[in-house]
Amino acid sequence: MARILKKEQWSENIFSMLIEARDVAKAAKQGQFIILIPREHGERVPLTIADSSVDEGWVQIVFQVVGKSTLELSRMDEGEELFSFVGPLGMASEVEKFPGKVVMIGGGIGIAPIHPIARKLKEMGNYVVSIIGAKTKELLIMEDKIQEASSEVIVATDDGSKGKKGFVNVVLEEYLAKEADSVSKIWAIGPPIMMKACTISAGKFNKPIIVSLNPIMVDGTGMCGACRVTVGGETKFACVDGPEFDGALVDFDELMARQRQYVELERKALELYKAKEGIA
Amino acid sequence: MAERLRPAEKFKRDRVPMREQDPNERIKNFNEVPYGYSLEEAIAEAQRCLQCKPPSCVEGCPADVHIPEFIDKIIDEDIEAAFKEIKLTNALPAVCGRVCPQEEQCEGACIMLKKGKPIAIGRLERFVADWAREKGLTDEPPKEKKQKRIAIVGSGPAGLACAADLANLGYDVTIFEALHKPGGVLVYGIPEFRLPKAIVQYEVDQIKKLGVKIYTDYVIGYIKSVDELVEEYDAVFLANGAGAPSFLHIPGENLNGVYSASEFLTRSNLMRAFDFPEYDTPIKVGRRVVVIGGGNVAMDAVRTAKRLGAEEAIIVYRRSRAEMPARAEEIEHAEAEGIQFELLTNPVRVIGDENGNVKGLECVRMKLGEPDESGRRRPIPIEGSNFVMDVDNVIIAIGQNANPIVARSATGVKTNKWGYFIADEETGKTTHPKVWAGGDIVTGAATVILAVGAGKKAAKSIHETLSQE
Ligand SMILES: Cc1cc2nc3c(=O)[nH]c(=O)nc-3n(C[C@H](O)[C@H](O)[C@H](O)COP(=O)(O)OP(=O)(O)OC[C@H]3O[C@@H](n4cnc5c(N)ncnc54)[C@H](O)[C@@H]3O)c2cc1C
Ligand SMILES: Cc1cc2nc3c(=O)[nH]c(=O)nc-3n(C[C@H](O)[C@H](O)[C@H](O)COP(=O)(O)OP(=O)(O)OC[C@H]3O[C@@H](n4cnc5c(N)ncnc54)[C@H](O)[C@@H]3O)c2cc1C
Ligand code: FES
C-alpha cells in the first residue's frame with residue numbers, strides 16, 4: 001500500500017513520484033488531491049493528483065521542496081512505503097465542452113495540476129490554450145505533457161531564458177487583448193499571488209476565471225476548518241467546497257496571510273531536520 | 001478472596017476516592033490526570049455494592065454491562081473473570097470507564113445515590129480493563145464464521161461497538177475509516193490527559209483480533225460511495241459521526257490564531273502537535289487564550305491550551321455556570337488547573353493586528369431572560385456593556401454538525417433537515433433496507449456510550465435481518 005513505485009527529480013527542487021494506490025487511481029478525477037504523511041511522526045501534506053493510471057494502479061504527485069515535509073518526502077526512495085496516503089479528496093473540476101477557447105495557466109509547480117484538467121477538456125473537444133510559466137528555463141516542468149494535452153501552448157519565463165519574457169498574467173493579458181472574444185473560460189493554478197494577478201487580468205476582459213486554492217489543511221475532509229477561505233464574503237472550506245473557486249470572489253490577501261501562520265515553527269522544524277540528517 | 005460486607009457496613013463506608021496528579025504538576029504535562037484504583041482500592045469499592053436484584057444500574061447503561069456480576073468477581077479477586085463478564089457486552093471498557101458520564105448513566109441509577117455515594121462503577125470498570133491490558137489478555141475470534149459481509153463507515157465508538165458484536169456473531173466485518181488512525185473522536189478529539197491514545201489503540205487491536213478488518217485512509221463518498229458498498233456487502237452501517245465544526249460567523253473569525261476546537265484538538269491529539277518538533281504538525285498558542293463555549297469540548301480545549309503553555313486560559317460562555325453543559329467533574333478539573341471563567345459573556349468580533357494575527361476579542365455582557373425551547377434561560381445582551389479582552393488565540397467550541405460527504409453518496413438513505421440520518425431509535429434501520437446508521441450522525445453530538453449503544457442495537461438488528469434471509 002502506498003509504495004513509491006517511481007521517483008524522478010525534474011529540477012533542483014521539483015520531484016515527481018508514482019505512488020501505488022489502486023483504489024485511489026480508480027476514483028480520481030481531474031482537479032482532486034490527496035493527503036499523505038511521509039513517515040510516522042509526519043504531518044499531513046496535501047498534493048494535487050497530477051496523473052493516475054487505473055491499469056497500473058498508481059497516482060502521480062509532483063511537488064516542490066519548500067520545507068521539512070516535502071524535503072523528507074523527496075529523500076524517500078523507490079520501494080519505500082508512505083506512512084499514510086488518502087484520496088481522492090475535494091471536488092473535481094467542472095469540465096464541459098465550452099463554446100469558445102479555454103485558457104489554462106500554470107505557474108511554477110502549478111503546471112502539474114493544470115495538466116489533468118487540460119487533458120480532460122481537450123478530450124471533451126475543447127480548444128485548449130495553455131500558458132505555462134516558471135522563474136527560469138530549468139524550472140519549467142511537464143512541457144511535453146502540456147503540449148499533448150493542449151491545442152496551443154505559450155511558454156513564458158520570468159528571466160526570458162525560454163519563451164516569452166515575463167509573468168504569466170502579463171502573457172494572459174496580451175493574449176486576451178487579441179483573443180478575448182473567442183475565450184469562454186480560464187483556469188489559473190500556481191502561487192496565490194500569481195492567481196490573484198491572473199484574476200485581475202481576466203477581470204479586465206470580464207472573463208470568468210477558476211483558481212485552485214491551497215490553504216493550510218489538516219484532515220482534508222471538512223472536519224476541522226483549518227482550510228477556511230473567504231469566497232464572495234462567505235467562509236468556505238477549501239478541502240470540501242473546493243479546492244477550485246471563482247477567482248473573482250476569492251479573498252487572496254486573507255489566503256496569503258493564513259498561509260504564513262506557522263512560518264517560524266516551520267523554519268525551526270526544517271533547521272532541526274537538516275541538522276539531524278546532516279544536510280547543508 | 002475478600003470478605004462480603006453486611007448491608008449496614010456497606011452503608012457506613014464512603015466511596016473510595018481516586019488519586020490524581022497534582023494540578024500544578026499536571027498542567028505541565030499531557031499524562032493522564034487520575035491514576036486509577038489499586039487492587040485494594042477496587043476491592044474496597046466493590047465491597048460497597050448492594051448487588052440489587054434487579055439491578056437498576058444496568059437499566060442506566062446503554063451497553064448493558066453486567067455490572068453487579070463483574071463487581072462481585074472483583075470481590076472474589078478474580079479480575080480475569082470480571083473482565084470477561086464486562087466484555088460480554090462492551091468492547092470498549094477502558095474507554096468507557098474513563099469518559100462516560102456515569103453520573104447520568106449507571107451511577108445515576110445506583111440505589112446508593114440516595115445516600116449520596118453511588119458505587120464508582122466507572123472507576124471499577126476502568127480498573128478491570130486496565131488490569132486485563134497490563135496482563136495482556138486478548139480476545140478470541142469466534143469459532144464459527146458466517147459468509148455474510150458487513151461494511152461499516154467510521155471507526156468511532158459506534159462503528160467499533162457494532163463491528164465487535166457482529167464479529168463475535170461470526171460475520172465478516174470491514175470498517176472504512178477516513179483518517180489514518182481508527183478511533184474517531186476517541187483519538188482525534190478527547191485529549192491524552194483524559195484518554196491515553198495507547199489505551200484506545202489496545203481496545204481497537206482487540207476488536208481486530210476478532211477478525212474485523214479496518215481500512216484507514218478510506219473516505220467513503222470519494223473513494224467509494226455508499227451505493228457501491230450496498231452493492232458489495234450484505235449490510236452497511238453508517239457511523240461517520242458529527243464531524244463538521246460550527247463557527248460563530250462574527251467578523252475576524254478567519255484571522256490567524258482563531259481555531260475551531262476540532263482543529264485545535266486534532267492538531268494536538270491526533271497529530272501530536274503538543275510534541276512538536278518531535279512530531280511535524282505545528283500548533284501556535286500564545287500567552288492568553290480564550291475558548292468560547294461551555295461544553296465538554298470547550299473544557300478539553302481550554303485544558304489543552306493551558307498545557308501547551310498559555311499563561312492564561314479562559315472560558316467565555318454566554319450563560320451562567322448552572323447552564324454549562326460540561327460535566328461537573330470536567331469543570332472542577334478545569335478550575336483546579338487555574339482555568340478562568342468569563343460567564344454571561346458573548347463574543348462579538350475578533351480583532352486583528354496588521355499581519356492578520358489575533359490581538360483582541362470584543363465581548364458583550366449578557367443577562368438571563370425567560371427560558372427558551374431548550375428549557376434553559378435565554379441569554380440577552382446588555383446594551384452598552386461591550387469590552388475588549390487582549391488575547392492571542394480564540395478557540396471556538398460551540399458544537400459540531402453533520403458532514404455531508406457520506407450522505408451525498410447514499411441514494412435512498414434519508415436525512416433530516418440538519419443532515420443527520422433518519423434511523424429508528426431501537427434498531428438503527430434507515431430508509432434503505434440494507435443500510436443502518438447510529439451514533440452522532442443520527443443523534444447529533446452526544447456521548448461515547450450512546451454511540452456504543454447505537455452500534456450494538458444496529459448489530460442486533462442486522463443479525464436479525466440477515467438471519468431471516
Ligand atoms: C489542495 C492542495 C494542493 C496542493 N498541491 C500541491 C502540489 O501538487 N505540489 C506542491 O508542491 N504543493 C502542493 N500544495 C502545497 C503543499 O501542500 C505544501 O507546499 C506543503 O504542505 C509544504 O509542507 P512542508 O513541510 O514541506 O513545508 P512547510 O515549511 O511546512 O511549509 C511551507 C509553506 O507551505 C504551506 N503549508 C504548510 N503546511 C501545509 C499544509 N498542511 N497544507 C497546505 N499547505 C501547507 C504553508 O503556506 C507554509 O508556509 C498543495 C496544497 C493544497 C492545499
Ligand atoms: C473533544 C470532545 C470530547 C468529548 N468528550 C466526551 C466524554 O468525555 N464523554 C463522552 O461520553 N463523550 C464525549 N464526547 C462525545 C463523543 O466522543 C461522541 O459522541 C462519540 O465519539 C460519537 O461516536 P461516533 O462513533 O458516532 O462518531 P465519531 O467518534 O465521530 O467517529 C466517526 C468516525 O467516522 C469517520 N468518518 C467520518 N466521515 C467518514 C467518511 N466519509 N468515510 C469514512 N470514515 C468517516 C471519522 O473520521 C471518525 O473516525 C466528546 C467529543 C469531543 C469532540
Ligand atoms: S482541512 Fe480540515 S476542514 Fe478542510
Side-chain angles (χ1 to χ4, degrees), chain A residues 1-2 21 23-24 26-28 32 34-45 67-69 72 83-90 216 218-230 234-235 237 240 251 253-258 260-262 264-266 268-273, chain B residues 177-181 188-189 215-225 228 240-247 249 253-267 270-273 275-284 352 354-357 396 400 402-406 408:
Chain A
M1 281 267 286
D23 291 356
V24 183
K26 248 187 250 166
Q32 290 187 299
I34 58 90
I35 288 187
L36 61 78
I37 303 178
R39 292 209 173 94
E40 184 162 2
H41 288 204
E43 64 182 334
R44 295 172 67 92
V45 183
K68 144 100 217 252
S69 301
E72 181 169 34
F83 177 66
S84 152
F85 188 86
V86 60
L89 298 171
I216 292 177
V218 183
D219 61 300
T221 64
M223 185 266 275
C224 77
C227 61
R228 49 198 200 283
V229 289
T230 301
E234 266 180 63
T235 294
F237 290 2
V240 284
D251 184 341
D253 296 337
E254 179 187 273
L255 172 67
M256 287 184 264
R258 286 185 65 76
R260 286 191 296 270
Q261 191 151 187
Y262 298 103
E264 304 107 63
L265 292 172
E266 286 157 354
K268 185 167 148 200
L270 180 63
E271 277 162 16
L272 276 171
Y273 178 69
Chain B
E177 167 54 50
L179 291 168
H180 56 278
K181 272 196 198 141
Y188 79 73
Y215 289 175
T216 50
D217 282 335
Y218 220 89
V219 190
I220 298 303
Y222 286 123
I223 193 162
K224 229 178 224 185
S225 62
E228 285 171 284
N240 47 302
S246 302
F247 283 90
H249 305 290
E253 213 167 14
N254 292 348
L255 288 164
N256 288 344
V258 181
Y259 290 99
S260 73
S262 307
E263 180 187 354
F264 190 73
L265 291 169
T266 301
R267 283 182 181 271
L270 178 71
M271 305 311 297
R272 303 189 88 76
D275 204 2
F276 180 89
E278 185 54 37
Y279 284 78
D280 290 339
T281 302
I283 196 161
K284 223 166 133 184
E354 61 287 356
N355 297 318
N357 298 320
I396 298 162
Q400 284 90 242
N403 184 326
I405 295 176
V406 174
R408 267 196 320 237

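Proteins get letters first, then strands, A, B, ... in listed order; numbering begins at 1 in each.
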**Q** Mind checking whether A:F237 and B:F247 have parallel, tilted or perpendicular rings, split at 30° and 60°?
**A** perpendicular

**Q** Do you know which of B:N254, B:N403, B:I223, B:T216 has the most heavy-atom pairs with chain A at a distance under 4.5 angstrom?
**A** B:N254

**Q** Can you tell which of A:A269, A:G87, A:G42 has the highest number of heavy-atom pairs within less than 4.5 Å of chain B?
**A** A:G42

**Q** Where does A:I37 contact chain B at under 4.5 Å (heavy atoms): side chain, backbone, both or neither?
**A** side chain

**Q** Any non-hydrogen side-chain atom of B:E253 less than 4.5 Å from a side-chain atom of A:T235?
**A** no

**Q** Is A:Q261 in contact with chain B via its backbone, its side chain, both, or neither, using a 4.5 Å heavy-atom distance?
**A** both

**Q** So, do B:Y222 and A:V24 sit near enough that their side-chain heavy atoms are less than 4.5 Å apart?
**A** no

**Q** Taking every heavy-atom pair that is under 4.5 Å apart, which of B:S262, B:P245, B:G221 has the most such pairs with chain A?
**A** B:P245

**Q** Select, from B:Y279, B:Y218, B:F276, the one with the greatest count of heavy-atom pairs under 4.5 Å involving chain A.
**A** B:Y279

**Q** Top residue by heavy-atom pair count (under 4.5 Å) with chain B, among A:F83, A:F85, A:Y273, A:Y262?
**A** A:Y262

**Q** Given that the side chain runs from C-beta out, which part of B:E278 has a heavy atom under 4.5 Å from chain A: side chain, backbone, both or neither?
**A** both

**Q** Report yes if some heavy atom in the side chain of B:I220 is under 4.5 Å from a heavy atom in the side chain of B:N240; otherwise report no.
**A** no

**Q** Looking only at non-hydrogen atoms, find the nearest pair between A:M223 and B:L179 and report the distance.
**A** CE-CD1, 4.1 Å

**Q** Taking every non-hydrogen pair under 4.5 Å, which of A:V218, A:I216, A:D253 racks up the most with chain B?
**A** A:V218

**Q** Say whether, by atom type as modelled, one donor and one acceptor occur between the side chain of A:R260 and the main chain of B:N355 under 3.5 angstrom.
**A** no

**Q** If we define contacts as heavy-atom pairs under 4.5 Å, which of A:E264, A:R44, A:E266 has the most with chain B?
**A** A:R44

**Q** Chain A: which of B:T281, B:I396, B:N256 shares the most heavy-atom pairs with it under 4.5 Å?
**A** B:N256

**Q** Can you tell me if A:Q32 uses its side chain to pair, donor with acceptor, with the backbone of A:A28 under 3.5 Å?
**A** no

**Q** Is A:L265 close to chain B through its backbone or its side chain, or both, or neither, when contacts mean heavy atoms under 4.5 Å?
**A** both

**Q** Please rank B:R267, B:M271, B:K224 by heavy-atom pairs under 4.5 Å with chain A and give me the top one.
**A** B:R267

**Q** Taking C-beta and beyond as the side chain, do B:P282 and A:E43 meet within less than 4.5 Å on heavy atoms?
**A** yes

**Q** Indicate whether the side chain of B:T266 and that of A:D219 have a donor and an acceptor atom separated by less than 3.5 Å.
**A** no

**Q** Sort out for me which of B:G243, B:G356, B:A242 touches chain A most, counting heavy-atom pairs under 4.5 Å.
**A** B:G243

**Q** Evaluate A:E72 against A:K68 for salt bridge (charged side-chain N to carboxylate O under 4.0 Å, His left out), listing each step before the verdict.
**A** CA-CA 6 Å; A:E72 181 169 34; A:K68 144 100 217 252; 3.5 Å; yes

**Q** Checking heavy atoms, do the side chain of B:I283, its backbone, both or neither come under 4.5 Å from chain A?
**A** backbone

